[in-house]
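Each remark here refers to the structure printed beneath this line.
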Amino acid sequence: MGQTDFRFGGASGVAVAKSKAASVDDAVAELAAQLPSDGLALILVFLSPSYDPDRFIAEISRQFDDTEVCGCTTAGELAPDGWDENSVVALAFSRADFSAVVRPIFNLDSFRVEDGRRIGSELRHELLRATPEVERGSPFGLVLIDGLCRREEAVMSAIYASLDDIPVVGGSAGDGLRFEKTFVFFDGKAHSNAALLILLNTSLPFRVFKCDNFEPQAQKMVVTEADIENRTVRELNAEPAAQEYSRVVGIMDAKLDPFSFASHPVLVRVGGAYYARSIQRVEPDGSLHFFCAIDEGMVLTAATSRSLVGAARETFADIRDQIGDVSLYIGFECLLRRLDAEQHQLARDMSELYRQNRVVGFHTYGEQFGSMHVNQTFTGVAIGRRTS
């Protein structure tokens, strides 16, 4: 349930609610009881796939018929009281502190770069028109996208190029551990094969962030055969992919499963920085199916882990140093980070750390940061407190 200190107050422009009610009707009623009913610029909802997505978005949109309601399905929820599952969390943005505009991108299987650039440019100008000049602060963007569309890289690259350096973060919608169908919510309906670009302007201090806990090692693997369209690697170093991956990361005697991949990601180097490229599953023929785009000739670097808890704690401390007290972190965290924490008995510690720092969001099938689509990362935006 929501807590009163998460409601609109003298310093915070975002109210937060949560429900674990069994039915859609009861969940919507509980959220409505916790959130302000008016003065809202936008509502975001992150919904467990245990609920019917079509019924849920229709009902909550009727409940808040004067406010745009957006969101997506999840692979777990980052709730006000910590990590959760089989729940729904909602964030309501005050019109006094935020202006917001939203644009859907449908039919991602036929997405064209020029369409993404046009949409980004149009929405950026729409945000300027929606924000009175005397009230303008600074904008940031959120992207929610079908987590099974395999178009995240193209969408993010096109959008980011059109936004005139507006910082952007986001997450790929989830479906628990089923990987069957994911949804984004817009205009009272649940959509697959779609994405949402949300731009918000606020006078509150904020920072976008990216946190991971991996360091590159000397061992390298080159993708020597791949099905690029389906993100499947058949050969690494001219050897069967699963076999060579197991040898390089040192798990030859273990069965490859989501926990193996969570503990042993691979990295790619882009612009002098390393980004995780996580494996979703091993196929019956020994090929590896990735969450992110891959290409033949791509060099994959083995990684070693730092402390999940320590890396997150350092990120929170850095942000506080930059913007002062933080009222809320809107977070997008890879499902594999949760699995890694569970495997190493760190889930309770991570959940408590997120509760203490007021992280609200969801576990994802992939994360967005700037023009990049990444894995095994925690991205988001920290919202500071009103200074006067």
Side-chain angles (χ1 to χ4, degrees), residues 1-2 6 14-21 24 27-28 30-32 34-35 40 42-61 63-64 67-93 100 102 104 141-148 169-178 181-186 188-192 194-198 200 328-335 337-338 350-351 354-355 357-368 377-383:
M1 300 291 290
F6 278 86
V14 185
V16 178
K18 172 189 171 181
S19 176
K20 286 182 71 72
V24 165
V28 169
E30 287 192 1
L31 295 178
Q34 297 169 54
L35 295 175
L40 304 180
L42 178 74
I43 293 175
L44 283 179
V45 292
F46 302 125
L47 182 74
S48 165
S50 63
Y51 294 95
D52 182 313
D54 295 289
R55 279 205 61 224
F56 178 86
I57 188 57
E59 289 300 320
I60 196 168
S61 295
Q63 179 70 44
F64 292 93
T67 304
E68 185 79 69
V69 182
C70 300
C72 65
T73 54
T74 77
E77 298 76 59
L78 308 178
D81 51 357
W83 289 4
D84 211 339
E85 295 180 279
N86 303 316
S87 68
V88 54
V89 297
L91 299 87
F93 294 81
V102 184
L142 304 176
V143 173
L144 304 176
I145 188 167
D146 181 337
L148 299 173
V169 292
S172 300
D175 181 33
L177 286 169
R178 294 190 289 265
K181 196 165 188 178
T182 70
F183 298 89
V184 298
F185 304 139
F186 176 76
K189 297 178 181 178
H191 304 273
S192 289
L196 297 180
L197 173 60
I198 304 165
L200 299 105
L328 180 78
Y329 292 86
I330 304 171
F332 310 100
E333 179 164 55
C334 187
L335 166 65
R337 281 173 58 93
R338 191 190 85 197
M350 289 290 285
S351 178
Y354 283 25
R355 185 196 67 79
N357 285 276
R358 297 180 172 181
V359 179
V360 179
F362 70 101
H363 283 116
T364 76
Y365 282 0
E367 304 75 59
Q368 332 307 339
T377 304
F378 173 39
T379 69
V381 57
I383 308 294

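Worth saying up front: this structure is predicted, and the values here are computed from it rather than measured.
For Lys189, the side-chain contact (heavy atoms from CB on, under 4.5 Å) partners two or more places apart in sequence, or in a different chain, are His191. The side chain to side chain donor-acceptor pair (under 3.5 Å) test applied to Glu59 returns Arg62, not counting sequence neighbours. Scanning for salt bridge (Lys or Arg N to Asp or Glu O under 4.0 Å) contacts around Arg337 gives Glu333, with sequence neighbours left out. Among residues two or more places apart in sequence or in another chain, the side-chain contact (heavy atoms from CB on, under 4.5 Å) test is passed with Ala75 by Leu335, His363, Tyr365. Residues that satisfy the side chain to side chain donor-acceptor pair (under 3.5 Å) test with Ser87, not counting sequence neighbours, are Glu77. Taking the side chain to side chain donor-acceptor pair (under 3.5 Å) definition, one finds that Gln368 meets it with Ser172, His373, sequence neighbours left out.
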**OP:** Take Ile383 and Phe93, measure what side chain to side chain contact (heavy atoms under 4.5 Å, CB included) needs, and give me the verdict at the end.
**Re:** CA-CA 11 Å; Ile383 308 294; Phe93 294 81; 5.6 Å; no

Original post:
So Cys334 and Thr377, side chain to side chain contact (heavy atoms under 4.5 Å, CB included) or not? Walk me through it.
Top reply: CA-CA 6 Å; Cys334 187; Thr377 304; 5.7 Å; no

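Taken from OG in Ser19 to CG in Leu31, the straight-line distance is 5.5 Å, to the nearest 0.5 Å. In this structure, CD1 in Ile330 is found 14.0 Å from CZ in Arg358, a value given to the nearest 0.5 Å. Considering CG of Leu148 and OG1 of Thr182, their distance stands at 4.5 Å, rounded to 0.5 Å. To the nearest 0.5 angstrom, Leu144 atom CG is 9.5 Å from Leu197 atom CG. In this structure, the separation between CG on Leu78 and CG on Asp84 is 10.0 Å, given to the nearest 0.5 Å. Taken to the nearest 0.5 Å, the CG atom of Leu91 stands 13.5 Å off from the NZ atom of Lys18.
Listed for the Lys20 side chain is no donor-acceptor partner under 3.5 Å among the backbone atoms of Ala27. One N or O on the side chain of Ser351 and one on the backbone of Trp83 form a donor-acceptor pair closer than 3.5 Å. A donor-acceptor contact shorter than 3.5 Å links the side chain of Asp52 to the backbone of Asp54.
Side-chain contact between Ile198 and Val143 is absent, with no heavy-atom pair separated by less than 4.5 Å. Side-chain atoms of Thr74 and Val88, non-hydrogen and from C-beta on, never get closer than 4.5 Å to each other. Side chains of Phe185 and Thr73 form a contact here, defined as non-hydrogen atoms less than 4.5 Å apart. Between Val184 and Ile145 the shortest side-chain heavy-atom distance does not fall below 4.5 Å. Annotation: side chain of Glu85 is not in contact with side chain of Ser48 (no heavy-atom distance under 4.5 Å). Considering only heavy atoms from C-beta on, Val89 stays 4.5 Å or farther from Val45 through its side chain. Side-chain contact check for Leu142 versus Phe332: some heavy-atom pair is nearer than 4.5 Å. At least one side-chain heavy atom of Leu42 sits less than 4.5 Å from a side-chain heavy atom of Val102.
Closest of all the heavy-atom pairs between Arg178 and Pro49 is NH2-CB, 3.0 Å. Scanning both residues, Ile57 and Gly188, for their nearest heavy atoms gives CG2-O, 3.6 Å. The two residues Phe378 and Val359 make their nearest non-hydrogen contact at CZ-CG1, 3.9 Å. In this structure, Val381 and Val169 approach most closely via the heavy-atom pair N-CG2, 4.3 Å. Taking all atoms of both residues into account, the shortest heavy-atom contact from Pro80 to Val16 is CG-CG1, 3.3 Å. Nearest heavy atom pair, residue Gly82 against residue Arg355, reads N-CB, 4.0 Å.
Of the charged side-chain nitrogens involved, none lies within less than 4.0 Å of a carboxylate oxygen, so that Asp146 and Lys181 do not count as a salt-bridged pair.
Here the rule is side chain to side chain contact (heavy atoms under 4.5 Å, CB included) with Cys72, and of Phe362, Phe183, Phe186 only Phe362 fits it.
Using a 3.5 Å distance cut-off with no hydrogens or angles, the side chains of Thr379 and Glu367 do not pair a donor with an acceptor.
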